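Notes follow once the structure below has been shown.
Numbers restart at 1 for each chain; the letters A, B, ... are given by sequence-line order, proteins then strands. Values below: all heavy atoms of this structure, side chains included; hydrogens, waters and symmetry mates excluded. From a predicted model like this one, the values you see are computed outputs, not experimental measurements.
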2 protein chains.
Amino acid sequence: MTGSATVPRTAEELRAAILERYDTFSKRLQQIARFVLDHPDDLALETLAVVAERSGVQPSAIVRFAKALGYSGAMPMQRLLRDGLLANHTALGYGERVRQFNAALDHQAGAGDDGDLLAEFVERDTLALENLGQTMTKADLARAVKLIDQAQTLYIMGFRRAFPVASYLAYSFQQVGKRTIFVDGVGGLTSQQMGAVGETDLLIAVSYHPYAEETVHAVEAAAGAGAKVLTITDSLVSPMAKMAVHVLQVRESEVRGFRSLAASLCLAQTLVISLAFERERASARGVSRPRRRKA
Amino acid sequence: MTGSATVPRTAEELRAAILERYDTFSKRLQQIARFVLDHPDDLALETLAVVAERSGVQPSAIVRFAKALGYSGAMPMQRLLRDGLLANHTALGYGERVRQFNAALDHQAGAGDDGDLLAEFVERDTLALENLGQTMTKADLARAVKLIDQAQTLYIMGFRRAFPVASYLAYSFQQVGKRTIFVDGVGGLTSQQMGAVGETDLLIAVSYHPYAEETVHAVEAAAGAGAKVLTITDSLVSPMAKMAVHVLQVRESEVRGFRSLAASLCLAQTLVISLAFERERASARGVSRPRRRKA
DNA sequence: GATAGAATGGAACGTATATTCCACGTTTCA
DNA sequence: TGAAACGTGGAATATACGTTCCATTCTATC
C-alpha cells in the first residue's frame, strides 16, 4: 500500500513529498493536497470530520490521501503536523521532543542497553538549555539582576535537590564580591542564620517540587520581616511564588523521577555574571554607584 | 455548576483565572493546575488520556478541574488552549518574530552589553555537553559504574567550585539507595568523616583547577587507607589523577573566566542513573547480584 | 476519637471519531 | 463503443475517547 519507499517523518518532509508527488495524484487527492499545503494548521488541530467539511471532501478521502503517502491512516499524518506546529511555536516542541526522547529511552531500557545513556542525557540537557534560552526573557533577567544589585545583603537558600544550585550561587556571588550569606541549614541554625534579614535585603530561594518545608518557612519569615524575595523555581504557583516579588521559572525535563539541573545552573551563572558586568559598568560611569549615591 | 460568574474565554484569561483561584482548589486540582500552567501545549495537543498519564492523575480529575473553572467539560478548555496556540503561531508571525529580531539585533550590539548573556551561556553549555558526549567513552563510564556498584560505602567530596557537583552526587546516590557518606567538611570534621574509610570503599573526589588542598589531602589519606578513588576532574594530570584508580575527565568550556558545571552535572546524573539501571537489571535477572556470576 | 462531608480513583457508559467496505460513477484503452 | 480498471461517496463498523457515577479514602470538625 505504501506509495513510496520512504515515509515523510517531519512536517517539512511531508510538504516536500506532497509537492513532489502532486502530479501523480487523482483530482480529489490533489484537492486535498492543496488544502494540506494551504492550511496545515487546520489539519493539525481540528478533527478529521471538521477538516473534511472545511475542505469539501469526505473523511475517507483524507484517509486515502494519507495512505497514498505511505501512512497507515490519517492520524499519524496529523501527529506529524502537530509536532511541526509546536516546533515553529516558541515553546519549540520542547515537550514533544522530550516525550519522544523518553519513549526512546523506554525502548532502550527494555533492551537492557545503557551504553548510550550519556548521549541521551546530553541530548536532554541540551533541550532544556535551549528551552531556557527561549522562554526566559531579558526583562525577567534584568529585573532579577537589579534586585540583587540593590540588596544590601544577599541571603541564599535551597535544600535537597536545589542545594547544588544554591551552593553554586552562594559561592559565585561571594567570588564576585557581593555580600552574601549562604543559609545552608547546618546544625539546624536556619532561623539564626536568617535572623538579621531586613527590609534592605534580598533572599534568593531555590526550590523545586516537592518544595522543602524549611524553604517555604524561611520565605514566609523573610517576607514577614519586610525583605524582598526572589525565587528560582519550577512553577508559577509554587508556595514561594506568591510571596516573592519576582519569580524565575525554570523548566527542567524529568526522566524517571530524576530532573536535571543544567538549566538552573546556566541561569544561576548568568545571574552572577550579569551582576558582575552591571557593577563594572556602573563603576566605569562614575566612581559611586548611581543607585546609592545621595548627591 | 459554574464556579464563578465569568468563564475564561481566551488562553490568557484561563491562565489568569487558574492563578487567581489556585488557593481555593483541592490538592489534586492544584496538581492539575500546575501542570496546565507549566505544560499548556501538552493539554492543547494531546488527548485527555495522555495528559492524564503525563501529569499523574485520572482523566476524571481533569474533567473535574475544567468544571471547577466553569466549563461543561474538559474539551471546551482544550479547544481554548488550541485556539490560543494557533493564534500565537499565526499572529506571532509578526509580533513575536519582530521581538525576536530585535533581540538578535541587541545581541550584535556588543560585548559589554549583558542583554543576551543568557544566550551566550546557553550556547556555551550546549557546546560543553556536546563535547562531553563525544569524549567520554562508554568503557570509561562502565568502569566507573562498576566501581561504584562494588563499593560497600561511597564517600563523596568536592569543595569550592566542585561543591555543587559533589552535593548533587551525594544527594542522588542516597536517593537511589546507595550507601553514601557526603564529606562536606562542616565543622572541620573532614578527617573524622573520612575516618572509617577502608579497602572495600570508594571515594569519589570532584575537583577542578585550582585543586582544593583539602581534597588532595583526603585523596591521599583514602588511597593510603587502601580505598579506591574515582576522580571527576578537568585534567588527567591533576594532583588526584595519579592516585586514583579511575579518572573521568570533564572539560567545561570557559567564558570570561567563568567555567560552567553543566557537563559535570550531566555526567553526574548519568552515573547515578546508570547505577540505578545496573542494579535494576541485576535484581531482575536473579535474587543475588549476578555481577560476578560464573555460569 | 468519632462522624459528616468532601475528594478521589477507577470502572462503566454513551458518544464521537477514524477507518473500512462496497456499490456506483468515471475514465481509459482496445 | 464496450469493458475493465480506477476513483469516489457514503453508509457501516470498530475503536478510542470524554464523561459520568459510585464505592472508597481522606480531611476537617466536634
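- B:Glu53 places its CD atom 16 Å from the C1' atom of C:dG10, with the value rounded to the nearest Å.
- For the side-chain hydrogen bond (donor to acceptor under 3.5 Å, both in side chains) test, residues two or more places apart in sequence or in another chain that qualify with A:Gln193 are A:Asp184.
- Spacing between atom CE of A:Met75 and atom C1' of D:dC17 amounts to 10 Å, rounded to whole angstrom units.
- Scored by the salt bridge (Lys or Arg N to Asp or Glu O under 4.0 Å) test, A:Asp23 finds no partners at all (sequence neighbours excluded).
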Could you list the protein-to-nucleotides 6-10 of chain D atom pairs, N/O on both sides, closer than 3.5 Å?
| unit_1 | atom_1 | unit_2 | atom_2 | d |
| --- | --- | --- | --- | --- |
| D:dT8 | OP1 | A:Ser26 | OG | 3.2 |
| D:dT8 | OP1 | A:Arg28 | N | 3.0 |
| D:dT8 | OP2 | A:Ser26 | OG | 2.8 |
| D:dG9 | OP1 | A:Arg28 | NH1 | 2.1 |
| D:dG9 | OP1 | A:Arg28 | NH2 | 3.3 |
| D:dG9 | OP2 | A:Arg28 | NH1 | 2.9 |
| D:dG10 | OP2 | A:Gln58 | NE2 | 2.4 |
| D:dG10 | O6 | A:Ser60 | OG | 3.2 |

Show me the side-chain donor-acceptor pairs of residues 209-223 of chain A shorter than 3.5 Å, one per line, residues at least two apart or across chains.
| unit_1 | atom_1 | unit_2 | atom_2 | d |
| --- | --- | --- | --- | --- |
| A:Tyr211 | OH | A:Asp234 | OD1 | 2.9 |

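- When the side-chain nitrogen and oxygen atoms of B:Lys67 are compared with OP1 and OP2 of D:dT19, none of them lie within a distance under 4.0 Å.
- Rounded to an integer number of Å, the gap from CD of B:Gln30 to P of C:dA6 is 18 Å.
- Taking atom CD of B:Gln31 as the reference point, atom C1' of C:dT8 lies 11 Å away to the nearest angstrom.
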Residues 54-66 of chain A, side-chain donor-acceptor partners within the protein, below 3.5 Å, at least two apart:
| unit_1 | atom_1 | unit_2 | atom_2 | d |
| --- | --- | --- | --- | --- |
| A:Arg54 | NH1 | A:Asp42 | OD2 | 3.0 |
| A:Ser55 | OG | A:Val51 | O | 2.8 |
| A:Ser55 | OG | A:Ala52 | O | 3.4 |

Mind listing the side-chain donor-acceptor pairs of residues 10-20 of chain A below 3.5 Å, one per line with the distance, residues two or more places apart or on another chain?
| unit_1 | atom_1 | unit_2 | atom_2 | d |
| --- | --- | --- | --- | --- |
| A:Thr10 | OG1 | A:Glu12 | N | 3.4 |
| A:Thr10 | OG1 | A:Glu13 | N | 3.1 |
| A:Glu13 | OE1 | A:Arg9 | N | 2.9 |

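- A side-chain donor-acceptor contact under 3.5 Å links B:Tyr22 and B:Arg34.
- Computed from coordinates, the B:Met77 CE to D:dG18 C1' distance equals 12 Å when rounded to whole Å.
- Rounding to whole angstrom units, CG of residue A:Leu48 and C1' of D:dT15 are separated by 14 Å.
- Nucleotide C:dT19 holds its P atom 14 Å from the CZ atom of A:Phe65, rounded to whole Å.
- You'll find that the side chain of B:Ala49 is closest to D:dG18, out of C:dT20, D:dG18, C:dT17.
- Rounded to whole Å, the distance from CD on B:Gln78 to C1' on D:dC17 is 10 Å.
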